[in-house]
**Q** 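What follows is a structure written as structure tokens; I'll ask about it next.
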Amino acid sequence: MISRRFAILALLVLLRIGGTPYALEPGEALDDPVLEARARDISKELRCLVCQNQSIDDSSAALARDLRLLVRERLKAGDGDSEVIAFIVARYGAYVRLKPPFDPSTYALWFGPPAVLVIALLVVFRATRRPRPSPLPLDADERRRIDALRDDSP
């Protein structure tokens, strides 16, 4: 039993240590730790256009590597973080940002899901709160037919 626990613990430790590897190659890192930290922060905000669901910081695609190098070049040239992001967006379009900006062209992305949820909740609320129609009372002819059916049953 102890060996099984040890094996499970070892597996968990290995999984935790493994984690998500960063795709940053040793030759890409800047010598200045402050600039490198800024480059990493910017890289986490930009989408890999090949992988599409990873940041360029996490992706090992060639285009992601080129974008990481471009970010570092712009930072070394003295650009600010927002200027670097604006440069990349101007080159590749707004889709390159992992978190879309809050502007009129992206309002549907920001307000669409909550609006659909509210509409769905209203539909469910109205459907459950709708009064059920009460049955109409039976007239004399209907009552006689029901009584006749009851009398004929075995």
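Residues take their numbers from the sequence shown, with the count starting at 1.
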**Q** Any link between Leu98 and Val84 through a network of hydrophobic side chains (Ile, Leu, Val, Met, Phe, Trp, Tyr) touching at under 4.5 Å?
**A** no
**Q** Calculate, to the nearest 0.5 Å, the distance between atoms CG and CZ belonging to Leu138 and Arg145 respectively.
**A** 9.5 Å
**Q** Under the side chain to side chain contact (heavy atoms under 4.5 Å, CB included) criterion, do Cys51 and Asn53 qualify, and how do the steps go?
**A** CA-CA 6 Å; Cys51 307; Asn53 207 19; 6.0 Å; no
**Q** Which pair of heavy atoms, one from Ile88 and one from Leu67, lies closest together, and at what distance?
**A** CD1-CD2, 4.0 Å
**Q** So, Asp141 and Arg144, do they make that salt bridge, N to O below 4.0 Å?
**A** yes
**Q** Does the Trp110 side chain pair with the main chain of Pro101, one donor and one acceptor, at a distance under 3.5 Å?
**A** yes
**Q** Please report the C-alpha distance between Asp139 and Arg143 in whole Å, then the side-chain angles of each, then the deciding distance to 0.1 Å, and finally whether the side chain to side chain contact (heavy atoms under 4.5 Å, CB included) criterion is met.
**A** CA-CA 6 Å; Asp139 62 13; Arg143 189 164 301 280; over 6 Å; no
**Q** Would you say Thr106's side chain and Leu109's backbone share a donor-acceptor pair under 3.5 angstrom?
**A** no
**Q** Between CG of Leu46 and OG of Ser59, what distance do you get to the nearest 0.5 Å?
**A** 12.0 Å
**Q** Rounded to the nearest 0.5 Å, what separates atom CG in Leu122 from atom CZ in Arg129?
**A** 13.0 Å
**Q** Would you mind checking if Arg68 and Asp57 are paired as a salt bridge, meaning a charged N to carboxylate O distance below 4.0 Å?
**A** no
**Q** Please check if the side chain of Glu83 supplies one atom and the backbone of Gly80 the other of a donor-acceptor pair under 3.5 Å.
**A** yes
**Q** Check the orientation of Phe111 and Phe102. Use parallel for under 30°, tilted for 30 to 60°, and perpendicular for over 60°.
**A** perpendicular
**Q** Report, one line per pair, each donor and acceptor closer than 3.5 Å where one atom sits in a side chain of residues 90-97; sequence neighbours left out.
**A**
none

**Q** OG/Ser43 to CD1/Ile56 distance, rounded to the nearest 0.5 angstrom?
**A** 4.0 Å
